[in-house]
Amino acid sequence: MYDKKLQTPLQFLKGVGEKRATLFAEELNIASYEDLLHYYPFRYLDRSRFYTINEITAAPTLVQIKGRFISSQIIGTGNKRRLSAIYKDATGQIECVWFKGIDYFYKQIKQGVDYVLFGKPTVFGKRLNFTHPEIETLSEYLKKNTAPFTPIYPLTEKVKKFRVTANTIQNLTRELLILLKDQIDDHFLENFRKEYNLMPLYDALYHVHFPENMNILNKARFRLKFDELFFIQLSILKAKQNREAEVKGIIFNTVGSKLHTFYNNYLPFELTNAQKRVIKEMRENMKSGRQMNRLLQGDVGSGKTLVALMLAFITSDNNYQCALMAPTEILAQQHFKSLKEMVGDMPFEIDLLTGSIKTKARRGIHERLKTGQTNLIIGTHALIEKDVEFHKLGLVIIDEQHRFGVAQRARLWKKSIQPPHVMVMTATPIPRTLALTVHGDLDSSVIDELPPGRKPIHTRHVYENKRKQVYEFMQQQIAAGRQIYVVFPLIQESEKLDFQNLEEGYERIIKAFPPPNYKTVMVHGQMKSDEKEEKMLAFARNEAQIMVATTVIEVGVNVPNASVMVIESAQRFGLSQLHQLRGRVGRGASQSYCILMSPYEISKNTRQRLDIMTQTNDGFIIAEEDMKLRGPGNIDGTQQSGDPYDFKIASLTQDQAILMLARRAANAILNEDSELTDAKYEKIKQQLKKRHPKEIDWRQVS
Ligand code: ADP
Ligand code: MG
């Protein structure tokens, strides 16, 4: 009943009418009573306190100050004409300026009277400036009896033209809240609310729109954030539970000879404890009868590929085939080569299948796959083409997963009668909150340790006018036998411009490092893949000391002798991309360096990004910081790893603690009553259906 009322079209609310209803629906996405209730303020003005002038800092915040004008005069002519008035309190003074309504305000402003000013002052050095402040006399202000917290709602230009203000929204919301009083049915019963410290729903809705103080506002927001996060977690965990109940996992119960032979006789170094632990986690999973759907996180260089190989042995020891899917041809080739090398003369068949393999060879590989001769197939998208058939596919490993779409993964899935185990390796760590929402239905394994002997990379941020010093440093490194990457940004929208940058950069390098003493190769995305490959190989064989490249080298390339990564126009890269690029060095025994070049003028946000890079090598920290700076929707610039939920109030960057609590609550309920059949969960069940009606068929997704 409550629900029906909430679905009432907005136009039936007193004071709305047809025209406004259309405007609200089109511009603000508010079509029903419910939409309006959940149209939360995104900010609140705290008018409960006065600032003193000496408290005003460079950060542009809205402030309210109390004082008097000590002078006012009209100065300048033409479009420079303005009113300038000096305003003062006990702690200092500020210049107020009007470019509009000059004569009106000139008459208005009286000296010897207390005024309240409100707005966003600016600071230039020591000078404070206040352009077009809101002004009223203190006595007017006191009469007005304003609520101390004024909510600010997101409004579009168009609705503002129709004179819709925050006040309009507030009045309508007030109307609605009165109408719905005692009719809002809380889906959380009292016991549950007590357990998780949640305000009743009606109260939360009321106080989020009309908070009396900060404390009550925080409690209201907590409740509403919890709601959002809880139902997402409940739907994710429920879907996971359903999948586990329906899908039987292939059982790998043999610990066979291949794994042992490799481990005892071929592995050139000891596994790190973290590698051992994650392999064990996965082995337990794969012999349990539950299908594995697991995310493997580990920083660049933490040795994820080796873990993949060990799992391929386990798969093969159980008479199944393993597929390793990489996002690019180069990476697939590199995996193929390095794994083949490691495996040596062991009886373990590895094949490579990529787009550039010729038809005849391809047919042969198809045949070997189908008959089961191939133990491990490494490939790109070519692996998911229709004509690829497996004998018995037991495990699919996806490397650098953010580049694969969900649909593509599903296609690989269908290549087996019984669903194979799936392991997804991420290129860089994912912030915890994202891992729990975007990948919340996957189990997770984390490699939190690098192989021993790695020297932390030294990173410095250098302005472009110091390029000469950078070149000198490069010369020293080359003289010491090292190799160097110089990377330029490549952003799709302006490919031409970037290409020009790259070519200019290449010319500059050639000039500073002239042949035949120096050899430089260039690699970029517009080259044919065999040409690219040839250049990369030349660099890997140490036939060139410098590689000038775009981000095509971002993923996976492994040249241990390369010890310097110079990143040009570093301001144009995202944090995780910078971290990925830096991960190309520091793979050998010598000390490695990363140099971030940028112009002198960069934004504050960019400076923060570059600072983080110079402060830490830890990919987990970088991932968190990246999300804080860019927001969850943008990590890696791909939508897929971003925020898939349309949060109205919760935030993946700020509400990690609430997210954890909500997940715990969801888990507790499912553990107690997996089908939510108990009457006390009836309302939760209804909410779940309402909020997340289309449960994705998760078996197809991961
Ligand atoms: P990533 O996790 O970035 O994919 P890789 O699997 O490419 O890392 O490993 C990086 C390098 O570290 C490779 O050269 C690999 O052979 C080496 N490596 C992996 N595990 C170990 C280990 N336990 N001890 C020493 N070196 C290792
Ligand atoms: Mg890798």
Side-chain angles (χ1 to χ4, degrees), residues 295-305 326-328 331 398-405 424-439 444 446-448 450 456-457 459 461 485 487-492 525 549-558 565-587 592 594-598 602-603 605-644 652-653 656:
L295 187 67
L296 175 62
Q297 292 196 69
D299 213 339
V300 245
S302 62
K304 296 185 287 288
T305 320
T328 63
L331 192 57
I398 299 169
D399 196 10
E400 322 288 1
Q401 80 71 237
H402 64 267
R403 308 212 173 182
F404 273 112
V424 170
M425 304 197 283
T426 64
T428 46
I430 302 170
R432 188 166 171 72
T433 51
L434 267 189
L436 288 178
T437 45
V438 184
H439 305 289
S444 154
V446 177
I447 307 185
D448 50 7
L450 292 180
I457 300 161
T459 302
H461 174 203
Y485 295 105
V487 177
F488 287 81
L490 190 67
I491 295 174
Q492 245 120 42
T550 56
T551 45
V552 290
I553 64 152
E554 183 186 335
V555 190
V557 179
N558 194 14
M565 168 63 65
V566 179
I567 302 176
E568 293 269 3
S569 303
Q571 76 279 5
R572 285 178 54 190
F573 291 90
L575 256 182
S576 71
Q577 219 181 0
L578 290 172
H579 181 62
Q580 269 287 311
L581 284 169
R582 177 167 62 181
R584 298 307 107 210
V585 297
R587 303 186 153 230
S592 290
C594 174
I595 298 169
L596 307 169
M597 310 265 290
S598 84
I602 46 177
S603 70
N605 192 288
T606 301
R607 196 171 296 280
Q608 276 174 308
R609 226 164 47 232
L610 300 182
D611 283 350
I612 291 161
M613 285 296 292
T614 62
Q615 285 157 12
T616 183
N617 276 303
D618 186 330
F620 285 92
I621 295 177
I622 288 173
E624 295 288 342
E625 294 297 326
D626 195 21
M627 187 165 86
K628 273 188 216 149
L629 289 174
R630 293 212 287 167
N634 251 324
I635 303 293
D636 273 334
T638 57
Q639 211 43 52
Q640 201 208 333
S641 51
D643 164 9
L652 289 182
T653 54
Q656 177 163 335

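The first residue in the sequence is number 1, and the count goes up from there. If you're wondering where the values come from, they're calculated on a predicted model, not measured in any experiment.
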K.L.:
Kindly indicate whether the side chain of Ile430, heavy atoms from C-beta on, has any atom under 4.5 Å from the side chain of Met627.
P.N.:
no
K.L.:
State, with a plain yes or no, whether a side-chain heavy atom of Arg609 is found less than 4.5 Å away from one of Phe573.
P.N.:
no
K.L.:
Would you name the heavy atoms of Cys594 and Ile457 that are closest together and state the gap between them?
P.N.:
N-CG2, 3.8 Å
K.L.:
Using the rule side chain to side chain contact (heavy atoms under 4.5 Å, CB included), only one of Asp626, Leu578, Leu575 pairs with Ile612; which is it?
P.N.:
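Between Ile612 and the candidates, side chain to side chain contact (heavy atoms under 4.5 Å, CB included) is satisfied uniquely by Leu575.
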K.L.:
Restricting to non-hydrogen atoms, name the atom on Lys304 and the atom on Gly298 that form the minimum distance, rounded to 0.1 Å.
P.N.:
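Looking at all heavy atoms of both residues, the shortest contact is NZ-O, 2.9 Å.
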K.L.:
Could you tell me the separation between the CD atom of Glu568 and the OG1 atom of Thr550, rounded to the nearest 0.5 Å?
P.N.:
13.5 Å
K.L.:
Applying side-chain contact (heavy atoms from CB on, under 4.5 Å), can you list everything that pairs with Gln615, at least two apart in sequence or on another chain?
P.N.:
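side-chain contact (heavy atoms from CB on, under 4.5 Å) check on Gln615 returns Asp611.
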K.L.:
What closest approach, in Å, do Pro456 and Asn617 show between heavy atoms, and which atom pair accounts for it?
P.N.:
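Reported closest heavy-atom pair: CB-ND2, 3.7 Å.
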K.L.:
Do Thr459 and Met565 come within less than 4.5 Å of each other through their side chains, counting heavy atoms only?
P.N.:
no
K.L.:
Which distance, rounded to the nearest 0.5 Å, do you find between the CG of Asp618 and the CG of Asp448?
P.N.:
9.5 Å
K.L.:
Atom CG in Leu581, atom OG in Ser576: separation rounded to 0.5 Å?
P.N.:
9.5 Å
K.L.:
If you look at every heavy atom in Leu331 and Pro327, which pair is closest and at what distance?
P.N.:
CD2-CD, 3.6 Å
K.L.:
Output all residues satisfying side-chain contact (heavy atoms from CB on, under 4.5 Å) with Glu624, sequence neighbours left out; order by chain, then residue number.
P.N.:
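Glu624 satisfies side-chain contact (heavy atoms from CB on, under 4.5 Å) with Pro431, Arg432, Gln656 once adjacent residues are dropped.
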K.L.:
Please find the pair of heavy atoms, one from Ser592 and one from Gly586, that lie closest to each other, and give the distance.
P.N.:
OG-N, 3.0 Å
K.L.:
Can you measure from CG (Leu296) to CD1 (Ile447) and round to the nearest 0.5 angstrom?
P.N.:
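Reported to 0.5 Å precision, the distance equals 4.5 Å.
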K.L.:
Are Met613 and Ile567 side-chain neighbours, meaning at least one heavy-atom pair lies under 4.5 Å?
P.N.:
no
K.L.:
When rounded to the nearest 0.5 angstrom, what distance separates OG1 in Thr426 from CD1 in Ile398?
P.N.:
12.5 Å
K.L.:
Is there a side-chain contact between His579 and Asp299, using heavy atoms and a 4.5 Å cut-off?
P.N.:
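Side chain of His579 against side chain of Asp299, heavy atoms only: contact under 4.5 Å found.
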K.L.:
Could you tell me which residues satisfy side-chain contact (heavy atoms from CB on, under 4.5 Å) with Ile602, sequence neighbours excluded, listed by chain and number?
P.N.:
His461, Gln571, Ser598, Pro599, Thr606, Arg607, Leu610
K.L.:
Where is the tightest heavy-atom contact between Gln580 and Arg584, given as atom of each residue plus distance?
P.N.:
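So the two residues come closest at O-NE, 3.4 Å.
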K.L.:
Assess whether side-chain contact (heavy atoms from CB on, under 4.5 Å) is satisfied between Thr433 and Thr653, documenting all intermediate values.
P.N.:
CA-CA 7 Å; Thr433 51; Thr653 54; over 6 Å; no
